[in-house]
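Below is one structure, written out as structure tokens; the observations come after it.
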Amino acid sequence: MAAVVPDYELAELYTRAFRVGALGLGWRRLLGPPDLSLAAEAENEEEEDAAVAAALGCAPGTAAELRAVCSIDMLMSSEKEEDPDVIPEDSSLRTLRIRKKALERREETIIVDRACRQETLTYEMESHATGKRPDDPTDLIEEGELLLTLNIFYPVIFQKHKDHKPYQTVLVLGSQKLTELRDSISCVSDLQIGGEFSSQPDQAPEHISKDLYKSAFFYFEGIFYNDKRYPECRDLSRTIIEWSESHDRGYENLQSVRMEDYVFNDLSLKIGFPYLYCHQGNCEHIIIITDIRLIHHDDCLDRNLYPLLVKKHWLCTRKCFVCKMYTARWVTNRDSLAPEDPCFFCDVCFRMLHYDAEGNKLGEFLAYPYVDPGIFN
Amino acid sequence: MDALPGLKEDCEELLGAFQQADTVRFERFAELWRERRFHTIFYGRIRALERNKITKKTLDVAQQYFFPPYSFQIRVGALYLLYGLYNAQLCQPKQKIRIALKQWPEIQKFQLDLLDAQHYDAVYIFRRLRLARAFHFTAMPKLLTYRTKKKIEKNDFREEFKDPSNRVNSLITNDVLEELMNIHDHYQKMKCVISADKSQPDKALSLIKDDFVVNLKDITLEHQEWQQNRMKLLRNAKVASETEDKKKEETLLKSEGSERANALARIKYKSYSAVVEVSRSRRHRQVQLESSESGPSCGKSPGRSKKGSRTPQPARRGEVQVAEETVTQHIGMPIIIEEDSDE
């Protein structure tokens, strides 16, 4: 695997395709053990003057001088107690003046200024795994491992999401298999239960779509990576490949391979370019790789926690029409008892309205089990 | 820059001051930093999530000045700035500085240059950052999220920070001159061979100037000197804003400047600043004059203004800005005198 230097194919938008593993190779070749080390931070590591002198090729006296002159104390405040929350009165920095004005404006107009629960959630997700180390040393990530950041977009269900698609952000290791990523993607369509159950509400089957339709594929750079772990899995990409081969449509050499045979280091990818994840036959998610970098000692170093979800979109759950409290679990169509079509009910209200004490069906309606997209909140 | 207004200005102001100081010593930078109390740039009641975002953005802005095409001094200043910002940040754990693979060779070369010139403080500081593992070693400098709709930030850096563009020098290098010299000699020899007199070429064959290679070299050197002088004058013009010298230098620059560009700009402003006053019945559709240059005093006048009162002001503002603009963009080239040599 030759080393490669990624660069833009379309300026500021996406790069040319390159082997992911080659990036790791490229960096590891240029860096030394101290750069790659994942050891926990040592407190105030001061080097010996002799070591500095040797590295820089100067006299030890110079090294001592450097240590004094270039110390970070030269840039820090000399006052003992400085409160970072207080912006100094007469600051010459434009950033601070603007920030101060904004703060003053907020104080005048807002009654309460603290983190709402969405903000808390976002921050927690972003930082909860930082610096985590596993109990079992075999689960520790190796030095020089690559970390990919992927944005996985939700399938468009709501019209309001057409312009700004919500997405999840997942961190994945270079040495992880594609199947591990696939298993970690939680999509509401996986939980759907097919079928009309107005006559037998208690017998909604145990199988959710995820168990019934196990096929899925990723599409990266002209290759379809199909999940073939189970015998029920079908090659969903075959239709597409046949279509492209039937006429000269300008797509060359689309291939189909097994997802479980590949790890991310093997793939050729462009950063910033949209790719596809398809499951359930027609549920499609766009995937964009936003960043690839070397692992750092401040990252989460427990291999078992990856793929790691660091950001997800908060979707408001639809509540029951009757009680407005519980999340909807049933949806009815052509319901003579309901004020609108479709109408959503929680389990309790659904049964109370549509069935009598003996469990007989009252009125005409079609009822389907409903899984709300906000279920992963 | 929508995320962090004022940041770019503050960084450029500090780097500009460092450039003025005409040194690469960390001590001097530290003085300038302390003067501005730059470590307070992260102050203010910022909650953790916002603080992470702001710090990342700040380091990203500072990181850009660390690479070409910025001049050597600016790059050293950027290194010190990164050192300061990295250590002054309030995030826990600290946000890191992103370095892309394609940028690493530039950094290595920069280190070597620093070592050769014995700027030990800069080397030491980079070493400290590296030992502190302050870097993320990435594929690309920024996160790429395929945001086509969002306006891609125009990265217009200041002229003074850039190294003067070496296009002429990169075209006419020593190798090229040597090559030309060789070809020229060879050509002369060929001419001699086919001439009647073997020691010098026929009069009829002299189609080019004999010493053109030397002339070319002189012209290139002259251009380089002229460029350096221009940069110096530009810098001085910016600084000595209250002194007499500025007037002298500006007039010097203006006279160097293209007269034609000045005249054009004047005509343009005369024509555009004449706003037709509409009749009272159409008063609500009065055209308002908007100055096309971006300047601190520009922008749409708020609300419906009275008809005539606005127009003189933009014209006046416009003229001052025209002068500055032509100074930076239309400075004329020195004139190359054609020698009529007789051959």
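So that the names make sense, note that chain A is the first sequence line, chain B the second, and so on, each numbered from 1.
Rounding to the nearest 0.5 Å places CZ of A/R99 at 7.0 Å from CD1 of B/I41. For the atom pair OH of A/Y123 and CZ of B/R51, the computed distance is 7.0 Å after rounding to the nearest 0.5 Å. Annotation: the span from B/Y120 atom OH to A/E65 atom CD amounts to 12.0 Å, rounded to 0.5 Å. Atoms OG1 and CG, on A/T62 and B/D121 in that order, are 11.0 Å from each other to the nearest 0.5 Å. The line from CG of A/L56 to NE2 of B/H119 is 13.0 Å long, rounded to the nearest 0.5 Å.
Side-chain atoms of A/P88 and B/R37, non-hydrogen and from C-beta on, do get closer than 4.5 Å to each other. With a 4.5 Å cut-off on side-chain heavy atoms, A/Y8 and B/M140 count as touching. Side chains of A/D85 and B/Y43 form no contact here, defined as non-hydrogen atoms less than 4.5 Å apart. Put simply, the side chain of B/L144 reaches to within 4.5 Å of the side chain of A/T15, judged on heavy atoms. For the pair B/T145/A/I288, no side-chain contact is recorded, criterion being any heavy-atom separation below 4.5 Å from C-beta on. Between A/T290 and B/Y146, the closest side-chain pair of non-hydrogen atoms is not below 4.5 Å.
In terms of heavy atoms, A/D7 sits closest to B/K102 at OD1-NZ, 3.3 Å. Closest approach of B/A139 and A/L23 over heavy atoms only: CB-CD2, 3.6 Å.
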Apply side-chain contact (heavy atoms from CB on, under 4.5 Å) to residues B/W33 and A/M74 and explain how you reach the verdict.
CA-CA 9 Å; B/W33 171 285; A/M74 299 289 278; over 6 Å; no
Stepwise, does the side-chain contact (heavy atoms from CB on, under 4.5 Å) test hold for A/L30 with B/L101?
CA-CA 9 Å; A/L30 297 173; B/L101 187 57; 3.7 Å; yes
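Of the possible donor and acceptor atoms, one in the side chain of B/R133 sits under 3.5 Å from a partner among the backbone N and O of A/S37. Side-chain atoms of B/D10 come within 3.5 Å of backbone atoms of A/R94 as a donor-acceptor pair (strictly under, hydrogens ignored).
Residue contact with chain A, scored on non-hydrogen atoms closer than 4.5 Å, involves the side chain of B/R127 exclusively. The contact between A/S92 and chain B is made by backbone and side chain atoms together, counting heavy-atom distances below 4.5 Å. If you measure heavy-atom distances from B/L114 to chain A, you find no contacts under 4.5 Å at all. Within the 4.5 angstrom heavy-atom criterion, atoms from both the backbone and the side chain of A/L294 approach chain B. Heavy atoms closer than 4.5 Å to chain B are found in the backbone of A/L38, but not in its side chain. Within the 4.5 angstrom heavy-atom criterion, only side-chain atoms of B/I125, from C-beta onward, approach chain A. Only the side chain of A/E107 has a heavy atom closer than 4.5 Å to any heavy atom of chain B. Only the side chain of A/E126 comes within less than 4.5 Å of a heavy atom in chain B; its backbone stays farther off. Within the 4.5 angstrom heavy-atom criterion, atoms from both the backbone and the side chain of B/R45 approach chain A. Contact annotation for B/Y83: both backbone and side-chain heavy atoms come within less than 4.5 Å of a heavy atom of chain A. Proximity to chain B is limited to the backbone of A/S71, based on heavy atoms less than 4.5 angstrom apart. Looking at A/L147, there are no atoms closer than 4.5 Å to chain B (heavy atoms on both sides), in backbone or side chain. The contact between A/I98 and chain B is made entirely by side chain atoms (from C-beta outward), counting heavy-atom distances below 4.5 Å. At a 4.5 Å heavy-atom cutoff, the contact between B/F38 and chain A is made by backbone and side-chain atoms alike. The part of B/F26 that comes within reach of chain A is its side chain, from C-beta onward, which places non-hydrogen atoms under 4.5 angstrom from that chain. With a 4.5 Å cut-off on non-hydrogen atoms, B/L90 touches chain A through its side chain but not through its backbone. Using a 4.5 Å cut-off between heavy atoms, B/L115 touches chain A through its side chain atoms alone.
Of the listed residues (A/D35, A/I292, A/D83, A/N151), the one with the most heavy-atom contacts under 4.5 Å to chain B is A/D35. Taking chain B as the reference chain and counting heavy-atom pairs below 4.5 Å, the highest number among A/R97, A/M76, A/R114, A/H297 is found for A/H297. With chain B as the partner, the residue from A/I87, A/I72, A/I289, A/T122 showing the most heavy-atom pairs under 4.5 Å is A/I72. Interface check for chain A: of the options B/A88, B/A30, B/A48, the most heavy-atom pairs under 4.5 Å are formed by B/A48. Of the listed residues (B/R130, B/Q118, B/E27, B/R36), the one with the most heavy-atom contacts under 4.5 Å to chain A is B/R130. Of the listed residues (A/L31, A/V69, A/I295), the greatest number of heavy-atom pairs within a distance under 4.5 Å of chain B belongs to A/L31. When the candidates B/N52, B/N87, B/L14 are compared by the number of heavy-atom contacts under 4.5 Å with chain A, B/N87 comes out ahead. Counting heavy-atom pairs closer than 4.5 Å to chain A, the top-ranked of the candidates B/A132, B/P105, B/P93 is B/P93. Top candidate by heavy-atom pairs under 4.5 Å with chain A, chosen from B/R98, B/Q108, B/Q111, is B/R98. Between chain B and the residues A/G272, A/C70, A/A63, A/A115, the largest count of heavy-atom pairs under 4.5 Å involves A/C70. Per-residue heavy-atom pair counts under 4.5 Å with chain A were compared for B/R34, B/R47, B/H39, and the maximum is reached by B/R47.
Salt bridge status for B/K142 with A/D291: absent, with no side-chain N to carboxylate O gap under 4.0 Å. Between B/K96 and A/D298, at least one side-chain N (NZ, or NE/NH1/NH2) sits under 4.0 Å from a carboxylate O, which counts as a salt bridge.
For A/E142, the CD atom is loosely surrounded, since the number of other residues' heavy atoms within 6.0 Å does not exceed 12. Around NZ of B/K94, the count of heavy atoms belonging to other residues, nucleotides or ligands within 6.0 Å exceeds 12.
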